[in-house]
Structure formats: structure tokens, C-alpha cells
Amino acid sequence: MQNKKFYVTTPIYYVNAAPHIGHAYTTILADVLARYHRLRGVPTFFLTGTDEHGQKVQRAAEKGAMTPQQQADQTVGRFQALWKKLDITHDDFIRTTETRHVRVVQQILQTLFDHGEIYRAEYDGGYCVPCERFYTGRELEAGTCRECGRALEPIRESNYFFRMSAYQAWLIDYIHEHPKFIQPDFRRNETLGFLQQPLNDLCISRPKSRLSWGIELPFDHDFVTYVWFDALVNYISAIGYLADDQRFQRWWPASYHLIGKDILTTHTVYWPTMLKAMNLPMPETIFAHGWWLVGDSKMSKSAGNVVNPIELADRYGVDAFRYFLMSEMTLGQDCNFSEEAFIRRYNADLANDLGNLLSRVMKLVTSHCGGKIPAATAEIVGADEQQLRQAVLNAATRMEECLDQMRLDLGLTAVASAVREANRYLEKRQPWTLAKQAEHGALNTVLYHAVETLRIVSGLLYPVMPTKMRELRQVLGLSATEPSLDQLKIWGKTVPGTPVGAMVSLFPRIQAGAPTQATTATGQPAALPQATPPTGVTLVEYADFAKISLRTATVLAAEKIEGTDKLLRLQVQCGEEKRQIVAGIALYYKPEELVDKTVVVVANLKPAKIRGVESQGMLLAASAENQLRLITVDGVLPSGAVVK
Ligand code: MSP
């Protein structure tokens, strides 16, 4: 790993919809890498932001009856609030609608146009609207979009093109000569495979008659810039390209562009050729991670299976959420998200292993060592102690190697196994028995080794769980300053005699069938009474219940469905989304009684057709005998609020 500086970026996120777990994942990964580098003492710059132009955003704005700028302003706040909640320590947040960015994009376009790198031509081909991609030649023959599989729309118009094809041979050579440029290796092969076909020039404009929401071409006011040609430039406009040369030279080239696998071509073909045309050095590594899936399929709004990171962080805690995402996904591969897997990992690694180690050590130090960390007795340090030291120091080395190889998941596995080793060590050395037998020398040695393990482990986990590890270190009386990674590779830095703090329960176990909120005032899991189900009702696990997303929604309109007695067609607003729901409530409610009511809907029910009418969700209602009443909200809440 180069030590001079570390510049890491996330993709900039479209502001057409709310953030989901995929966005949270990349941003947390970038945050963890940035934090590790800062702890290593490497000057670090971490950039994230939002991609605010283009058709997707314009369409979302039209749907929500807003201007694209209003749409962007509204959604950017949701991203910024999420990053704050998730403890993200970005150094800058760039919005592509900011003047500092627009100015740079226009200057680049003008220079490339002046140098003949951009030219005007007639375009005749196919177009994928959601992906904003043009297709010609062999790619067009398929009739569907390479990225999303949707049918292509025929299109014929005059546009501006970037001479991307001129760089094809250079790019292929560059990728071969720089094996770290595209990672993981199989993604590099994917790009090389793509480059086996002739590379077309890139259409970089959109006529304003079709799309007005974009950066105007400086040399033709009838066109705006293609959103990708605008968005990719964020990586250099944010750090002062064409504005502050010193700053730009300090950070460019990026150490890592972190991206999802779906935006590989734009980052490993468009971006390098753009940079080459600008005469700029290439980023060191473009790293494409896999996707978070739900039940083995892609998350999508229409399937209603989009995982909301705010809900998870609220339910289980920000740090546990960060830990789960970082340890569960093998970097580069797809990973299935499930709440069961979350609870399993949390209970195993955090509640049982780490939490247990801390509470055992704290109890003994408090009751047998006067609340001060004891010193190890040199002559008692034997094979068991050596084995533990080795396991812990190995974890520190392994974490460093894994970071350099972008295998954070494996680094965390090494740390988890060092913690397990420490618990095994305690079971073998039985400090509670040593305490009873007043074997002070042995007891002190064992406790010192356990505390020293916790010092190193908490430092290694600090970038992933900053709040919880800060608390853990305070409990152990360790310095309030952030740990330095170098100190984690050296055994024996804990100072004997340091007073420990008051015990806290860092990771209360999640009871099967109970949410984590079921804790007492002291943070301990509450003893939940064993519920007796009403006759005929099957008990379900909490994790099963948690799969159902219940939301508030406001009824915008309601009407009877022709030819039926019982069915009403409702249009409801649920957060930012409008939905149509068919409800069998016509015998109990007149359509006009429903308008403006705040109701509760099952928001992740698979859409279904009822009497030929699509229903995207279900209303909750209580019924008894011949009555039925809708479930509503006590008081005023915005639509889209989570019901739990
Ligand atoms: N605006 C472009 C990026 C421009 S970067 C110069 C964009 N935005 S996005 O909001 O649609 O997606 C941002 C990132 O989220 C992409 O890296 C994409 O791969 C990632 N993900 C979207 N869904 C995902 C999952 N289900 N899982 C993991 N990441 C996913 O593309």
C-alpha cells in the first residue's frame, strides 16, 4: 500500500429515489477504508455525492409534480441524513448541480471539442431510456439493453460524439499492463471481453427537445451533456481540477473508485478514455463489488423488497449494521440479505464472543483487582499465553494484508477468530477458579492477556464500529484518542494499574423472536414472558414478522370498481411513491369517506391483479362479525412512515 495519500470515492447516487442498502454498503465500505487509512496516519480524502442530472431524475420529478431541482434538493437531504446517521466521515459531498462541477464539465467539453475529440454526427440506432444508453451495430441487433434487458426504443437524431473508439487499443494495453487497475480479476476479464468488440464513439449529448435537465454544451445551446459524461467528472471536479491545481495534484489519481458491478463499463471504459483524452493519469484501482440480493433476486421497488438501511440501523444499531454489511459480503461477490443472517452473525460474533469476553474480563477486574488492570507475572507466561498472543497479533497482520487486497470480510474473520481464541483461553485457564483459590499471580496474568486482546481487537474493529469500540475502550480505561494501527501490532501496550470504567452492555443478545428494542433501562435484554398464542394461531419468529413492511399512506382518491359490489380502487401516497390498491371494503366505506385518511398498508406485498385491476399492496383493517374498520394512525404522521 502506498503511504503518500489515500483518495477513495463512492459512485455518486441518483436522486430519483430514496437510498437503499446497496448505497449504504458502498458508502460504509469507503468510510471503513478511509478510517483505516487515517488510523495508519495516511493523509486521506473521501468523496461521495449525488448525480442529479439526466432522464431518471427528470422523470421522477415529473411523476412527483416537481421541478428536477426540487426533486434533487429533496432527495439529496435523504442521502445526507443517512450518511450522518451511519457515521460516515466523508471529506466532501459533491452535487453535480453545483457551479463548481458544472463549470469544470463545460471547460472539459470545450477543450475536447476544440481539439477535435468531440464531433457532431447523425445518430440512428436504439436507445434504452432507463439506462440512457445508445446502441448501434451488433449490440442493436439483440433488440434489448445489455445492462437491464429492456426493449430498445428506435431513435434517430443529430448528436455530439466523443472519439472513444480511438483509445480502444491503448485501453486494452493499459489494462493488461496494470493488473490492479480493474479489480477483482474477473471484472478485469469482463471489461477485456467487452473490448473484444469494436468500440463505438460515445454519444455525449442529448437534444434539449428530448431532455432539458442537464449541463448545457458550451458550444451548442440546443443540447445538454449526457449524464455519464457529466457524472464521472465529479471525481476530479471535487478535488479542484481546473480550479485549484495544487489541491488537484495532491489527491489525483484516486486510489480507489468503489463501484457496483452494474456500472463497470462506464467506469472502466468511458472514464479511462475520457481521462486519456484529457491527458490525465488513470485512477489506481476501480473496484467493483457485487450486489445485495433479497431471496436471491434483485431488489426493486416494484417487487417491494427494497431493504431500507435506516430501519435496520434503527432496529439493531448503526455499528452492528456496519459490521454485518462488512463481514457478510465477500468483496466482489453478490450476497443475499436476510434478517435471519443478520441476527445470526450479530449474536455469534458480537453478543456471544466479543460481548462475553468483555463482560467476563470486567467482572473479574472489578471484583478481584480493585478495578485496575493488573500486571502479568513474567514467570507465569506460558504456552497458552503465547498461543493467544500469536492469534491476536496474527489478526492484526492479517487485517492489514486483507485491507490491501480488498478482502475486509476476511480481515474481520481473522479478528473474530482471535476473540474466540481469547474465550477459549479463559475457559482453559479458568480465572474465576484462580480468583477463588487466591492464585493472584496467575489470575493477573490471565486478565492482562484478555485485556490486551481487547485493546488490539477494539482497535482493529474501530473503523467498522467506531461508536461501540470507543465505548469498549473507555470501559477498559484505554486512552480516549483513536488507536493507531501501528500500536496494534505490538503486544503489551496496555498500562497495568489503569483504572477501568463502568461496565456497559455493548451488544445485548437478540432473543429469537424478540426485537432488540426489548431491552431494559440498563441495556440488558428484557426477560420476555412466554406468550401463549390465541387458539388456532401459529407463533412466528420475529424475523418472519420483520419481513413485512407496514407503512402509513394517505388516500388520494377512491372509486368503485365497475361490476363488483365489494371492491374499491384506491390511489394512495406512500412516502414518495403513489400506489394503486384494490380493497374489498366497499360494503363498509363510501369512496368519498376515504379521501385524505391516513391508513396502514402492507408495502412489500407482491403486486397482484384483482378482477383484472393491479393492486400494489394491501390495507390493514380490523373486522368482527359484520363490521370492518380501517386501521388508521392516532395523530398526524407523514405518509410512508414505518409501522412497527
Ligand atoms: N449515478 C450513477 C453512478 C455515477 S458514478 C459517477 C448510479 N447511481 S445509482 O444510484 O443508480 O447507483 C449507485 C450505486 O449503487 C451503483 O454502484 C450500484 O451498483 C449500487 N447498487 C444499486 N443497487 C445495489 C444493490 N442491490 N447492491 C449493491 N449495490 C447496488 O449508478
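- Considering only residues two or more places apart in sequence or on other chains, Arg250 meets the salt bridge (Lys or Arg N to Asp or Glu O under 4.0 Å) condition with none of them.
- Put simply, the side chain of Lys468 does not reach to within 4.5 Å of the side chain of Tyr323, judged on heavy atoms.
- Judged by distance alone, the side chain of Thr9 and the main-chain N or O of Leu47 form no donor-acceptor pair under 3.5 Å.
- Annotation: side-chain contact (heavy atoms from CB on, under 4.5 Å) contacts of Lys298 (sequence neighbours excluded): Trp291.
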Can you check side chain to side chain contact (heavy atoms under 4.5 Å, CB included) on Leu412 and Leu461, steps first, answer last? CA-CA 8 Å; Leu412 291 172; Leu461 295 177; 3.5 Å; yes

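- Within a 6.0 Å sphere centred on NZ of Lys493, other residues, nucleotides and ligands contribute 12 heavy atoms or fewer.
- In this structure the side chain of Arg38 never reaches within 4.5 angstrom of the side chain of Pro463, judged on heavy atoms.
- Considering only residues two or more places apart in sequence or on other chains, Asn305 meets the side chain to side chain donor-acceptor pair (under 3.5 Å) condition with none of them.
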Test side chain to side chain contact (heavy atoms under 4.5 Å, CB included) applied to Gln390 and Gln386, step by step: CA-CA 6 Å; Gln390 209 46 55; Gln386 293 298 353; 5.7 Å; no

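- For His267, the ring pair (Phe, Tyr, Trp, His ring centres under 6.0 Å) partners two or more places apart in sequence, or in a different chain, are Trp228, Tyr235.
- When ring centroids are compared, Trp292 and Tyr25 come within the 6.0 Å threshold.
- Sorted by first and then second residue, the side-chain hydrogen bond (donor to acceptor under 3.5 Å, both in side chains) pairs with a member in residues 392-401 read Arg40-Glu400, Arg398-Glu401, Glu400-Lys489; sequence neighbours excluded.
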Run the side-chain donor-acceptor check on residues 421-428: report pairs under 3.5 Å with partners two or more places apart or on a different chain.
residue	atom	partner	partner atom	Å
Glu421	OE1	Arg424	NH2	2.8
Glu421	OE2	Gln387	NE2	3.2
Asn423	OD1	Arg360	NH1	3.2
Asn423	ND2	Asp353	O	3.0
Tyr425	OH	Glu385	OE2	2.6
Glu427	OE2	Arg360	NH1	3.2
Glu427	OE2	Arg360	NH2	2.7
Lys428	NZ	Asp384	OD1	2.9

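- Salt bridge annotation for Arg407-Asp409: present, with a cationic side-chain nitrogen under 4.0 angstrom from a carboxylate oxygen.
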Side-chain donor-acceptor pairs of residues 365-376 under 3.5 Å, sequence neighbours excluded:
residue	atom	partner	partner atom	Å
Thr366	OG1	Met362	O	2.5
Ser367	OG	Lys363	O	2.6

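- With sequence neighbours left out, the salt bridge (Lys or Arg N to Asp or Glu O under 4.0 Å) criterion links Asp51 to no other residue.
- Under the rule for a ring pair (Phe, Tyr, Trp, His ring centres under 6.0 Å), Tyr270 has no partner lying at least two apart in sequence or in another chain.
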Show me the side-chain donor-acceptor pairs of residues 442-449 shorter than 3.5 Å, one per line, residues at least two apart or across chains.
residue	atom	partner	partner atom	Å
Asn444	ND2	His440	O	3.4
Thr445	OG1	Thr377	N	3.0
Thr445	OG1	Gly441	O	2.8
Tyr448	OH	Gly492	O	3.4
Tyr448	OH	Thr494	O	2.6
His449	ND1	Thr445	O	2.9
His449	NE2	Arg389	NE	3.4

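- Within the 4.5 Å cutoff, the side chain of Tyr241 has no heavy atoms near those of the Val233 side chain.
- Asp185 is linked by a salt bridge (Lys or Arg N to Asp or Glu O under 4.0 Å) to Arg188, counting only residues two or more places apart in sequence or in another chain.
- Applying the ring pair (Phe, Tyr, Trp, His ring centres under 6.0 Å) test to every pair with at least one member in residues 326-345, sequence neighbours left out, gives these pairs: Tyr316-Phe342, Phe324-Phe337, Phe324-Phe342.
- In this structure, Thr75 contributes its side chain and Val15 its backbone to a donor-acceptor pair below 3.5 Å.
- Residues Trp251 and Pro43 form a side-chain contact, since some pair of their non-hydrogen atoms from C-beta on lies under 4.5 Å apart.
- No donor-acceptor distance shorter than 3.5 angstrom exists from the side chain of Tyr13 to the backbone of Val76, with no hydrogens or angles considered.
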